[in-house]
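To keep things clear, I will list the structure first and then write my remarks on it.
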Amino acid sequence: MLEVYSTLHRALVSFEPRTKGKVSMYVCGPTVQSEPHVGHGRSAVAFDVIWRYLVWSGYDVTFVRNITDIEDKIIAAAEEAGESVETLAREMAKRFEDAFVGLGVLSPDFEPKATEHIDEIINLTAVLIDRGLAYARDGDVYFSVRALESYGKLSGRNPDDLRSGYRIEVDESKEDPLDFAVWKSAKPGEPSWESPWGPGRPGWHIECSAMAEKYLGQDFDIHGGGSDLIFPHHENEIAQSEGASGTTFARYWLHNGMVNLGGEKMAKSTGLVVDLASIIESHGGRALRMLYLRAHYRSPIEYSEVLLSEAAEALDRLDRFRKRATPGVPEEIALDRFREAMDDDFGTPQAISLLFDLVRDGNRLLDEGGEASAVAGAVETIVAVLGFDDASDPAVGEHALTDAEVDVLVGERNQARSDRRFDDADAIRDALEDQGVSLEDGPNGTRWLRK
RNA sequence: GGCGACGUGGCCGAGUGGUUAGGCGCGGGUCUGCAAAACCCGUUACACCGGUUCGAUUCCGGUCGUCGCCUCCA
């Protein structure tokens with residue numbers, strides 16, 4: 001019985017999808033304004049695992065992760081770079097895609113872009129105006145926060161509190177400073193689309209309302225994203241969608257925690273960022289995935305080279321067992337324990353703990369001369385659901401030895417060992433180590449593996 | 001100021017009203033030509049102060065501290 005922590009409920013609640021056996025899920029993907037950093041990777045991995053687990057659990061899942069490719073920041077970044085908004089957005093979207101592939105993040109069923117859903121956005125905006133929840137002013141359209149009684153229900157705020165914390169400059173055309181833009185009139189040189197209110201572009205938030213409805217309908221199951229999106233982004237999505245439809249937008253709201261650097265949130269605005277692509281290149285997407293999944297997806301996590309190395313070492317231990325054991329039919333008890341861990345709000349730390357329990361059990365069985373196929377089978381199943389197999393290993397140097405070359409050297413070394421020329425044997429072992437190949441001498445001969 | 005999360009052993013990080021999380025590290029051992037790997041043993045904790053209880057790290061109240069959101073943000 002799956003339970004999820006829903007931000008809207010502020011509690012662990014049992015998961016009951018709109019349609020039995022089916023799950024509809026929408027996750028806020030990136031605003032493609034700049035290169036992805038380690039924080040973006042975490043969100044992608046978190047929801048990738050949630051998706052994989054739901055599928056493995058037997059649900060027929062429809063997963064949508066959007067790309068916001070028109071927005072103030074993108075326009076500003078494009079201007080600075082001296083290229084078109086479209087070019088920059090396309091380039092950055094590609095960088096995100098590549099990084100996600102490295103992390104083993106699967107492609108969603110739909111990956112809609114804001115700029116390809118302008119008609120839906122305009123229609124939704126028109127509905128909001130019809131219902132008295134939005135108003136046009138000089139080519140802009142604003143959502144009237146005070147017109148929606150339930151505004152603030154996700155983030156636990158009420159408009160009066162917000163007013164006291166109000167810090168941005170007053171835009172004279174708004175009726176109330178809390179109102180937010182649904183549609184923005186185009187400034188000269190900016191990309192724009194024709195609309196009943198004149199040429200313009202979507203505000204931030206409306207694209208998600210429009211696209212989620214298009215692909216998943218109303219009252220869909222899971223809406224996810226980073227915890228920093230709770231307010232205002234998700235609050236405003238709810239306001240727009242529920243204001244327009246009069247019904248529930250999404251049933252469960254899941255939010256992943258932030259990645260910290262030295263105790264502070266990784267964010268472009270503070271310059272505290274670690275480039276995602278370069279970490280994947282140097283340490284591998286699998287190690288980073290391990291770092292992410294060792295903590296619960298809602299907890300904040302610290303990023304550092306040391307912590308990443310530790311995650312990589314844990315992963316090595318897992319890999320060594322997997323190379324040693326031959327998987328068979330998974331042990332049912334282990335899978336039950338896995339379900340128990342994951343059914344508790346996708347408890348990957350527990351699942352990984354279980355994984356290492358299994359590794360120890362399996363190694364012990366093999367050490368004792370038994371066989372560990374059921375344990376290894378369970379390990380493989382869990383590894384697949386957690387996505388470790390689809391993520392990348394560190395990029396290897398070009399001068400890496402081929403398998404055949406390694407086999408030859410290992411043979412030479414073993415000859416030297418039987419001749420008791422241990423200096424020669426050790427020299428070969430050291431040379432292989434330098435090439436990233438580790439040797440393990442066992443009772444059944446020498447095994448080698450690449451690091 | 002408002003809303004929310006959290007404070008666990010050398011480090012990371014789960015969990016529980018009374019019984020070993022797990023990983024990394026460290027110490028000892030088995031194995032090995034040596035090493036590595038693997039296994040075994042050991043290492044150690046629940047921020048502080050009250051309260052409830054036979055018993056609290058776990059529940060309640062308070063204190064202190066950290067972090068996030070309230071502006072763009074995964």
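So that the names make sense, note that chain A is the first sequence line, chain B the second, and so on, each numbered from 1. These numbers come from the heavy atoms of this one structure, side chains and all, not from hydrogens, waters or symmetry mates.
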Return all side-chain donor-acceptor pairs below 3.5 angstrom for residues 30-39 of chain A, not counting sequence neighbours, or 'none' if the list is empty.
{"unit_1": "E35(A)", "atom_1": "OE1", "unit_2": "R95(A)", "atom_2": "NH1", "d": "2.5"}
{"unit_1": "E35(A)", "atom_1": "OE2", "unit_2": "R95(A)", "atom_2": "NH1", "d": "2.5"}

Atom pairs, protein N/O to nucleotides 57-59 of chain B N/O, distance under 3.5 Å:
none

Problem - Integer angstrom distance from the P of C24(B) to that of G4(B) - result: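 Taking atom P in both C24(B) and G4(B), they lie 39 Å apart.
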
Problem - Those residues of residues 88-110 of chain A lying under 4.0 Å from RNA chain B by at least one heavy atom - result: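 Nothing qualifies; none.
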
Handout entry: For E79(A), all residues meeting side chain to side chain donor-acceptor pair (under 3.5 Å), sequence neighbours excluded
Key =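 Checked E79(A) against side chain to side chain donor-acceptor pair (under 3.5 Å); zero matches.
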
Exercise for the section: Using the test side chain to side chain donor-acceptor pair (under 3.5 Å), find all partners of D69(A) that sit at least two apart in sequence or belong to another chain. Expected result: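 For D69(A), the residues satisfying side chain to side chain donor-acceptor pair (under 3.5 Å) (neighbours in sequence not counted) are T115(A).
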
Completion exercise
Per-residue pairing states of RNA chain B in dot-bracket (Watson-Crick or G-U under 3.5 Å; . unpaired, | other strand) read (((((((..(((.....[...)))((((((.......))))))...(((((..]....))))))))))))....

Check: protein-nucleotides 43-45 of chain B nitrogen or oxygen pairs below 3.5 Å:
none

Exercise for the section: Kindly indicate whether a cation-pi arrangement holds for R298(A) with Y5(A), taking the cut-offs as under 6.0 Å to the six-membered ring centre and within 45° of the axis. Expected result: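 The answer is yes, since R298(A) meets both limits relative to Y5(A).
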
Problem - Nearest non-hydrogen partners of P349(A) and A295(A), listed with the distance - result: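 Heavy-atom minimum between the residues: CG-C, 3.4 Å.
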
Problem - Sequence-distant partners of F356(A), ring pair (Phe, Tyr, Trp, His ring centres under 6.0 Å), two or more places apart - result: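 By the ring pair (Phe, Tyr, Trp, His ring centres under 6.0 Å) rule, F356(A) matches no residue at all.
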
Problem - Set of ring pair (Phe, Tyr, Trp, His ring centres under 6.0 Å) partners for Y215(A), sequence neighbours left out - result: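 Per chain and number, Y215(A) pairs via ring pair (Phe, Tyr, Trp, His ring centres under 6.0 Å) with F110(A), H117(A).
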
Below 3.5 Å between N/O atoms, which protein atoms pair up with nucleotides 64-67 of chain B? Just atom names and distances, please.
none

Handout entry: 5' precedence on RNA chain B between F231(A) and V306(A) (nearest-nucleotide basis)
Key =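 Nearest nucleotide further toward 5': that of V306(A).
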
Handout entry: Given G2(B), A74(B), G15(B), the nucleotide with the shortest approach to the side chain of Q350(A)
Key =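 From the listed options, G15(B) comes nearest.
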
Exercise for the section: Check whether the aromatic ring of F356(A) stacks on the base of G22(B), taking stacking as ring centres less than 5.5 Å apart and planes within 30° of each other. Expected result: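 No; centroid distance or tilt outside limits.
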
Are there any protein N/O atoms within less than 3.5 Å of an N/O atom in nucleotides 25-30 of chain B, and if so, which ones and at what distance?
{"unit_1": "G25(B)", "atom_1": "OP1", "unit_2": "E313(A)", "atom_2": "OE1", "d": "3.4"}

Practice task
Go along nucleotides 35-41 of chain B 5' to 3' and tag each nucleotide: B for a protein heavy atom under 4.0 Å from its base, S when only backbone or sugar atoms are that close, - otherwise.
Solution key: BBSSSS-

Practice task
Carefully, step by step, assess R339(A) and E332(A) under the rule salt bridge (Lys or Arg N to Asp or Glu O under 4.0 Å).
Solution key: CA-CA 10 Å; R339(A) 274 185 209 99; E332(A) 201 53 50; 3.6 Å; yes

